[in-house]
Amino acid sequence: MGKSTWKSEGQIMDGPQLRPHKTTQTKNILITGGAGFVGSHLCERMLQAGHRVICIDNFQTGDKRNIVHLHNNPAFSVINHDVVDPIDHDVDEIYNLACPASPPRYQMDPIHTTKTSVIGTMNLLELAARTGARLFQASTSEVYGDPSVHPQPESYWGHVNAFGPRACYDEGKRCAETLCFDYHHRHGVDVRIARIFNTYGPRMSAADGRVVSNFIVQALRGEDITIYGDGTQTRSFCYVDDLVESFVRLMDSRDLPFGPFNLGNPGEFTVRELAEMVIDLSGSSSRIVHHPLPVDDPRQRCPDIQRATRYLGWRPEVALAEGLERTINYFDALFSERSIAAEA
Ligand code: NAD
Ligand code: UDP
């Protein structure tokens, strides 16, 4: 392959020599964090497309039940491994999703969270450099911290506290992006960076403390719905199927401008609006109660997705009410199954 150029928006610059990327139909795809919420949907999608999938997970927040239905597929394998330790495998593509996403979970062992993002991503970039695999990095809207620009475009550098309880996640993910940038320029690794905004759907962990799963579980159990703070803070919620579609487009597109892509649903809701929707859709009699707002909790969050729309032809299709309904049905069925199993 000859000397390539990489395009940053509005300019074409001399860039690194990218390694040739496999374009044949069946690929060996490594998915780290494949037993987690988003990762399990991605494993499923890649198997449906006819690829071989190697799922790597240390099961810190993942669950074997998320991938149990894939075990009979001969194209699927699972390795219990921590990405903080190097890995060697002959692969064509790497999706690096390993990292707890829920604030209470990533704050439980903050040093390990930073190691997962920094050392883990470096190990996978090394693997990509050795094998010529294209690498997808699951970054996050948290790189914008508590944003002073709204909605957030990719050009915004963010407002992150490096010295707080969320820093292990936010700064770890920021450093991982920096590593992607430098491995691209120094070693020609073909990287795709997704800045993912709050995503929800079936297979979220019922106990991981994120707002959508908390509210749905509380509503279905008739428990109080716990709003942190006054509930005027906003988030933008993307249904998991929409997100996975954006991953595939980001990974499969050619001639993309180099740099991160915001992936999320630009519909913006207050946490109170979310609570009211969940109560309404689940027909729950739960009351709303208020708990203290966690430290450094961002006030507002909404993606500017013009870049994804322009270059990937992508925009989310599932409206919040519809996605919540599907997620409520999932948790409802899960709890009924578990209570039947417990009775038996
Ligand atoms: P999740 O916690 O359900 O899944 C993460 C998976 O990674 C789990 O299976 C966990 O066991 C595994 N893991 C964690 N540390 C690991 C390590 N050191 N080695 C190997 N495996 C490890 O979270 P999710 O919601 O599925 O998020 C997936 C990715 O997307 C994460 O990287 C997260 O930061 C990113 N993301 C998610 C959201 C969201 O709203 N879900 C938003 C922004 C970014
Ligand atoms: N939140 C809440 N009640 C809960 C869980 C979360 O009010 O039971 C709030 C949280 O303080 C934040 C928003 O909901 O303002 C989203 O929280 P989540 O943990 O899902 O993700 P974040 O975007 O903060 O990483």
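Numbers here simply count residues along the sequence, with the first being 1. Counting convention: from 1, in listed order, for ligands and their atoms alike. As the structure is a prediction and not an experimental result, all values here were calculated from the model.
Annotation for ligand 2: atoms under 4.0 Å from non-hydrogen atoms of D297 are 10 (C), 11 (O), 12 (C), 15 (O). Of all the atoms in ligand 1, the ones that sit under 4.0 Å from a non-hydrogen atom of N198 are 40 (O). Less than 4.0 angstrom separates some heavy atom of F59 from each of these atoms of ligand 1: 11 (O). The ligand atoms of ligand 2 that sit less than 4.0 angstrom from a heavy atom of E142 are 23 (O), 25 (O). Those atoms of ligand 1 that come under 4.0 Å of a heavy atom in V38, given as number and element, are 25 (O), 26 (O). Each of the following atoms of ligand 1 lies closer than 4.0 Å to a heavy atom of Y169: 33 (C), 34 (O), 36 (N), 43 (C), 44 (C). Residue V271 approaches ligand 2 through these ligand atoms, each under 4.0 Å from one of its heavy atoms: 7 (O), 13 (C), 14 (O). Remark: ligand 2 atoms within the under-4.0 Å shell around heavy atoms of F215 are 3 (N), 4 (C), 8 (O).
At a 4.0 Å heavy-atom cut-off, ligand 2 touches Q233 through the side chain alone. With a 4.0 Å heavy-atom cut-off, ligand 1 is reached by the side chain of R210 but not by its N, CA, C or O. Using a 4.0 Å cut-off between heavy atoms, R235 contacts ligand 2 through its side chain alone, with no backbone atom that close. By the criterion of a heavy-atom distance under 4.0 Å, the backbone of S139, and not its side chain, is placed next to ligand 1. Contact annotation: for P294 versus ligand 2, heavy atoms closer than 4.0 Å belong to the side chain alone. Proximity of N198 to ligand 2, defined as any heavy-atom pair under 4.0 Å, is confined to the side chain (atoms from C-beta onward). Neither the backbone nor the side chain of E142 has a heavy atom within less than 4.0 Å of ligand 1.
The protein heavy-atom contact nearest to atom 17 (O) of ligand 2 is V211 CB, 3.9 Å. In terms of protein heavy-atom proximity, atom 19 (N) of ligand 1 is nearest to V83 N, 3.0 Å. Looking only at protein heavy atoms, the nearest one to atom 1 (N) of ligand 2 is Y228 CD1, 3.4 Å. Remark: minimum distance from atom 8 (O) of ligand 2 to any protein heavy atom is reached at N214 ND2, 2.8 Å. Annotation: atom 17 (C) of ligand 1 to nearest protein heavy atom, N58 ND2, 3.3 Å. T226 O, 2.6 Å is the protein heavy atom nearest to atom 3 (N) of ligand 2.
F181 and Y144 end up in different hydrophobic clusters when Ile, Leu, Val, Met, Phe, Trp and Tyr side chains are linked at under 4.5 Å.
Not a single heavy atom of K115 sits closer than 4.0 Å to an atom of ligand 1. Proximity of T32 to ligand 1 is not established, as no heavy-atom distance is less than 4.0 Å. Note on ligand 1: H112 sits in its first shell, one or more heavy atoms being nearer than 4.0 Å. Ligand 1 lies within reach of A35, whose nearest heavy atom is under 4.0 Å from it. Residue contact check for ligand 1: R105 places no non-hydrogen atom closer than 4.0 Å to it.
When the heavy atoms of S141, P103, G229, A101 are ranked by distance to atom 19 (O) of ligand 2, first place goes to P103. If you check each of R105, R166, M204, Q300 against atom 22 (P) of ligand 2, the one with the closest non-hydrogen atom is R166.
Using the six-membered ring where Trp is involved, Y239 and Y200 have ring planes that are perpendicular, over 60° apart on the 30 and 60° scheme.
Exactly one of D332, L334, V278 qualifies for a side chain to side chain contact (heavy atoms under 4.5 Å, CB included) with L220. That residue is D332.
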Walk me through whether H51 and R45 qualify under side chain to side chain donor-acceptor pair (under 3.5 Å). CA-CA 9 Å; H51 301 303; R45 172 75 186 255; over 6 Å; no

